[in-house]
Amino acid sequence: MKPRDSYCKLALRIDWSEIDPFGHVNHVQILKYVQAARVNFWEMIGLYDAHEKSDIGAMVASVSCQFKKPLHYPGEVRIHTSVSNIGTTSFRLQHSIYNEEDELCAEATDAEVFFDFSKNEKVTIGLELRNELMRYGK
């Protein structure tokens with residue numbers, strides 16, 4: 001079992017097309033990095049497989065981002081994702097976005113609601129998923 005302070009890592013290459021007229025990665029692109037990290041996390045903990053079997057999965061309820069330092073091309077971005085809160089029907093992910101020099105460039109948080117898509121309603125997070133989420137908790 002992983003320690004409680006563990007996190008999921010994702011590394012992505014910064015592409016020239018992600019640069020804005022000011023010479024740094026556009027803020028919208030940083031939110032796309034966060035989306036990639038979220039999807040990576042969902043895949044890693046088995047949410048996609050569970051959704052295929054039961055039509056129950058996570059839905060993004062909100063996203064917020066604090067920009068700390070610009071990212072530049074060429075380069076690589078690393079996103080560390082951890083679980084900051086687990087509720088009855090929802091959980092929060094914390095994403096820390098770093099550049100190649102290991103400098104914190106942005107921090108994002110998103111809230112995920114556990115949802116039954118066939119019934120169109122939120123549902124309680126089951127024990128198996130709760131335990132998996134706790135592995136990546138702060």
Side-chain angles (χ1 to χ4, degrees):
M1 184 176 214
K2 294 184 181 197
R4 288 189 50 83
D5 62 351
S6 63
Y7 51 86
C8 175
K9 291 191 264 185
L10 178 65
L12 300 169
R13 190 185 106 211
I14 296 173
D15 288 323
W16 175 255
S17 64
E18 299 166 350
I19 304 303
D20 67 15
F22 303 107
H24 53 72
V25 174
N26 184 281
H27 67 284
V28 173
Q29 185 58 45
I30 292 173
L31 291 175
K32 288 182 179 181
Y33 297 155
V34 170
Q35 177 179 326
R38 179 186 318 114
V39 169
N40 181 61
F41 182 79
W42 286 358
E43 288 173 343
M44 189 188 66
I45 66 169
L47 268 180
Y48 277 114
D49 291 339
H51 180 256
E52 295 250 335
K53 294 174 188 171
S54 66
D55 211 22
I56 295 174
M59 176 186 293
V60 177
S62 69
V63 179
S64 66
C65 188
Q66 300 295 315
F67 304 100
K68 309 284 186 185
K69 184 177 181 109
L71 289 164
H72 298 280
Y73 174 89
E76 184 178 271
V77 61
R78 290 180 297 103
I79 305 105
H80 296 180
T81 300
S82 59
V83 177
S84 62
N85 180 272
I86 305 170
T88 304
T89 60
S90 64
F91 58 95
R92 289 193 182 275
L93 296 179
Q94 177 70 38
H95 309 278
S96 300
I97 297 103
Y98 296 92
N99 62 17
E100 287 179 322
E101 289 79 36
D102 206 31
E103 298 169 315
L104 181 64
C105 295
E107 292 180 302
T109 303
D110 49 47
E112 325 291 325
V113 175
F114 205 49
F115 201 78
D116 185 329
F117 291 91
S118 62
K119 295 180 181 176
N120 200 32
E121 64 186 21
K122 60 184 178 178
V123 293
T124 301
I125 296 172
L127 183 59
E128 186 176 326
L129 176 59
R130 181 174 300 279
N131 288 338
E132 190 64 21
L133 291 169
M134 288 173 59
R135 291 178 61 197
Y136 296 94
K138 288 187 171 185

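One-based numbering along the sequence shown. Every value quoted in this text rests on a predicted model; they were computed, and no experiment measured them.
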Are Ile79 and Ser96 side-chain neighbours, meaning at least one heavy-atom pair lies under 4.5 Å?
no
Show your reasoning for whether side-chain contact (heavy atoms from CB on, under 4.5 Å) applies to Leu31 and Val63.
CA-CA 9 Å; Leu31 291 175; Val63 179; 4.0 Å; yes
Counting only heavy atoms not in His72, do more than 12 fall under 6.0 Å of its NE2?
yes
Is there a side-chain contact between Leu93 and Phe91, using heavy atoms and a 4.5 Å cut-off?
yes
Hydrophobic cluster membership, Trp16 vs Leu12, 4.5 Å side-chain cutoff
yes
Which residues pass the salt bridge (charged side-chain N to carboxylate O under 4.0 Å, His left out) test with Glu107, not counting sequence neighbours?
Lys68
Distance, nearest 0.5 Å, that separates CD of Glu132 from CD1 of Ile86:
10.5 Å
Pair Gln94-Ser82, side-chain donor/acceptor within less than 3.5 Å
no
Taking the side chain as everything from C-beta on, heavy atoms only, tell me whether Tyr33 gets closer than 4.5 Å to Val25.
yes
Verify same cluster id: Tyr48, Met44 (apolar side-chain graph, 4.5 Å):
yes
Could you label the plane-to-plane angle of the Tyr7 and His80 rings as parallel, tilted or perpendicular, counting under 30° as parallel and over 60° as perpendicular?
parallel
Would you check if Asn99 and Val77 make a side-chain contact, meaning some heavy-atom pair closer than 4.5 Å?
no
Does one hydrophobic cluster hold both Ile14 and Leu104, with members joined at side-chain heavy-atom distances below 4.5 Å?
no
Just verifying a value: how many Å separate Leu47 CG and Ile56 CD1, rounded to the nearest 0.5 Å?
11.0 Å
The reported gap from CD in Glu128 to CG in Leu133 (rounded to nearest 0.5 angstrom) is 11.0 Å
If only side-chain N and O atoms count, and only distance matters, is there a donor-acceptor pair under 3.5 Å linking Asp15 with Ser17?
no
In terms of heavy-atom contacts, Ala106 and Ile30 come closest through CB-CG2, 4.2 Å
What about Ile19 and Leu71, same hydrophobic cluster or not, with Ile/Leu/Val/Met/Phe/Trp/Tyr joined at side-chain heavy-atom distances under 4.5 Å?
yes
Glu52, CD: over 12 other non-hydrogen atoms inside 6.0 angstrom
no
For Ser118 against Asp55, the heavy-atom pair lying closest together
N-OD2, 3.1 Å
Is the backbone N or O of Lys122 less than 3.5 Å from a side-chain atom of Asp116, with the two atoms forming a donor-acceptor pair by type?
no
Between CD of Glu101 and NZ of Lys69, what distance do you get to the nearest 0.5 Å?
8.0 Å
Given 3.5 Å as the limit, does a donor-acceptor pair link the side chain of Asp20 with the main chain of Gly23, or not?
yes
Could you check Arg38 against Glu112 for salt bridge (Lys or Arg N to Asp or Glu O under 4.0 Å), going step by step and ending with a plain yes or no?
CA-CA 10 Å; Arg38 179 186 318 114; Glu112 325 291 325; 3.7 Å; yes
Indicate if Val60 and Val123 have the same hydrophobic cluster label, given that clusters are the connected sets of ILVMFWY residues with side-chain heavy-atom separations under 4.5 angstrom.
yes
Using every non-hydrogen atom in the two residues, find where Gly87 and Arg130 come nearest and quote the distance to one decimal.
O-NH2, 2.8 Å
Please report the interatomic distance SG(Cys105) to CZ(Phe67), rounded to the nearest 0.5 Å.
11.5 Å
Can you name the residues that form a salt bridge (charged side-chain N to carboxylate O under 4.0 Å, His left out) with Arg78, not counting sequence neighbours?
Asp102
What are the two closest non-hydrogen atoms of Ala61 and Val113, and how far apart are they?
CB-CG2, 3.7 Å
Pair Asp110 + Arg92: basic N to acidic O under 4.0 Å:
no
Rounded to the nearest 0.5 angstrom, the CD1-OH distance for Ile45 and Tyr136 is 8.5 Å
So does Arg13 pair up with Glu76, basic N to acidic O under 4.0 Å?
no
Once ring pair (Phe, Tyr, Trp, His ring centres under 6.0 Å) is applied, what residue pairs with a partner in residues 102-129 remain, sequence neighbours excluded?
His51-Phe117, Phe115-Phe117
Asn26 and Glu18, any side-chain heavy atoms less than 4.5 Å apart
no
